[in-house]
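Note sheet for the following structure.
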Amino acid sequence: MALARRSRERTVDYWPGFVDALSTLILGIVFLLSVFVIVQFFLSQEVSGKDTALARLNAQLAQLTEMLSLEKVGKTNLEDTLSSLRANLAMSEGERDRLKGLYEGLQGGAGKAGELTTQLDTQKNLTARAMAQVELLNQQIAALRRQLSALESALDASESKDKDSQARLADLGQRLNLALAQRVQELSRFRSEFFGRLRAILGDRPDIRVVGDRFVFQSEVFFDAGQAVVQPGGRAELDKLAGALLELEKQIPKDVAWVLRVDGHTDVRPIASAQFPSNWELSAARAISVVQYLIGKGISPQRLVAAGFGEFQPLDGATSDDAYRRNRRIELKLTER
């Protein structure tokens, strides 16, 4: 009895210490999650501001294009009016010269006095009327010349304004193209770094390879045949991918608009199941499953795109089992939004 009593007295109760440690761990995890949510909120606000600035720049470009079009139309109208006035001026000057010739002819016949007196009086009346018409035509010509001068001045001003608008438009387009080229170059650099990191993480596996600017996973890595639910083995690979994406999201500047596009592909053999009536539905469902899993691992939904291509983008056109296996795949592409 004394031995049993001493054994009970030596027993130590570890349970309160274990509960305290577990509570501290849970509080730490909650704090880290809160910090991550706040950082995501500020990143989203910054990206939204950059999109607004780009939209405003595009609106200014459209406004300048519209102003340039209006100036060109006005220039065409002024040139047409100028041509019409020049034609009227030429006709008026011809009429004036004709009347002057008639008047000079009448003056030359003044020496034939006598029998031509009656005709001379008649011609004098005609000459007076002709001179009045000449004077009127001279006034009209002067007015047309003033209008012509004003139109030429307006045309010169329009051409100068047109040149300024074209120069501004060309400068704006050059700046926009330069900015876009810089963004594409930055995205290409980050894509190379991301693929290099992902290749190092995933290792040298025959069912995971790089084709052009895409990382290609065979469908069997993630899914069972004819299914769109990520299997346990595929989740481990997606966890590695999510970790690489989270690191990449920290490195890419906030003003670079990028997304990871997840493309689902199948082979040419029809599925026609109750759940998936066609390969379109199967490929799209698989891409969406991958995107949803990555979102669950903390990847921002704004950085993910799911697309289903069915059997219409094969890598191998043969009809062998190996070709079918190669064509059943999930492709990842880091691209612009």
Can you tell me which residue among Q313, R214, K333, R329 is in a side-chain hydrogen bond (donor to acceptor under 3.5 Å, both in side chains) with D263?
R214
In terms of heavy-atom contacts, A287 and V262 come closest through CB-O, 3.5 Å
Sidechain-backbone polar pair: R261 side chain, A307 backbone, donor-acceptor under 3.5 Å
no
Within-4.5 Å side-chain heavy-atom neighbours: T266 and W280
no
A323 and A318: which non-hydrogen atoms are nearest, and at how many Å?
CB-O, 3.6 Å
Closest heavy-atom pair and its distance - A228, A285
CB-CB, 3.7 Å
One should read off an interatomic distance between L33 CG and F31 CZ, to the nearest 0.5 angstrom, of 11.0 Å
Interatomic distance, CD1@I271 vs OG@S283, rounded to 0.5 Å, equals 10.0 Å
Please determine if E281 and R286 form a salt bridge, counting it only when a charged side-chain N lies under 4.0 Å from a carboxylate O.
no
Tightest non-hydrogen contact, residues L315 and N327, listed as N-OD1, 2.7 Å
Option among D267, N279, L282 that satisfies the side chain to side chain contact (heavy atoms under 4.5 Å, CB included) test with R328:
D267
Do I29 and V37 land in one hydrophobic cluster if side-chain heavy atoms of ILVMFWY residues count as linked below 4.5 Å?
no
Is there a side-chain contact between E331 and F215 in this structure, where contact means two heavy atoms from C-beta onward sitting under 4.5 Å apart?
no
Any side-chain heavy atom of F217 within less than 4.5 Å of one from L332?
yes
How many angstroms lie between CG in L260 and CG in L248, if you round to the nearest 0.5 Å?
9.0 Å
Q139 CD to L144 CG distance, which is reported to the nearest 0.5 Å:
12.0 Å
Do the side chains of L246 and I299 get nearer than 4.5 Å, heavy atoms only?
yes
Check I330 against S219 and note the closest heavy-atom contact, atom names and distance.
N-OG, 4.4 Å
Salt bridge (charged side-chain N to carboxylate O under 4.0 Å, His left out) partners of residues 310-321, not counting sequence neighbours, each pair once:
D316-R326
Could you tell me whether a side-chain N or O of E237 sits under 3.5 Å from a main-chain N or O of F222, the two making a donor and an acceptor?
no
Any donor-acceptor N/O pair, Q231 side chain to E220 backbone, under 3.5 Å:
yes
Under 4.5 Å between side-chain heavy atoms, counting indirect links through other Ile/Leu/Val/Met/Phe/Trp/Tyr residues: same cluster for Y293 and L304 or not?
yes
At what distance, to the nearest 0.5 angstrom, does NZ of K240 lie from CG of L238?
10.5 Å
Same apolar cluster: I295 and F223, side chain cutoff 4.5 Å:
yes
Look up atom CG in L294 and atom CZ in R303, then write down how far apart they are to the nearest 0.5 Å.
14.5 Å
Decide whether L43 and L334 are clustered together by the hydrophobic rule: side chain heavy atoms of Ile, Leu, Val, Met, Phe, Trp, Tyr closer than 4.5 Å, transitively.
no
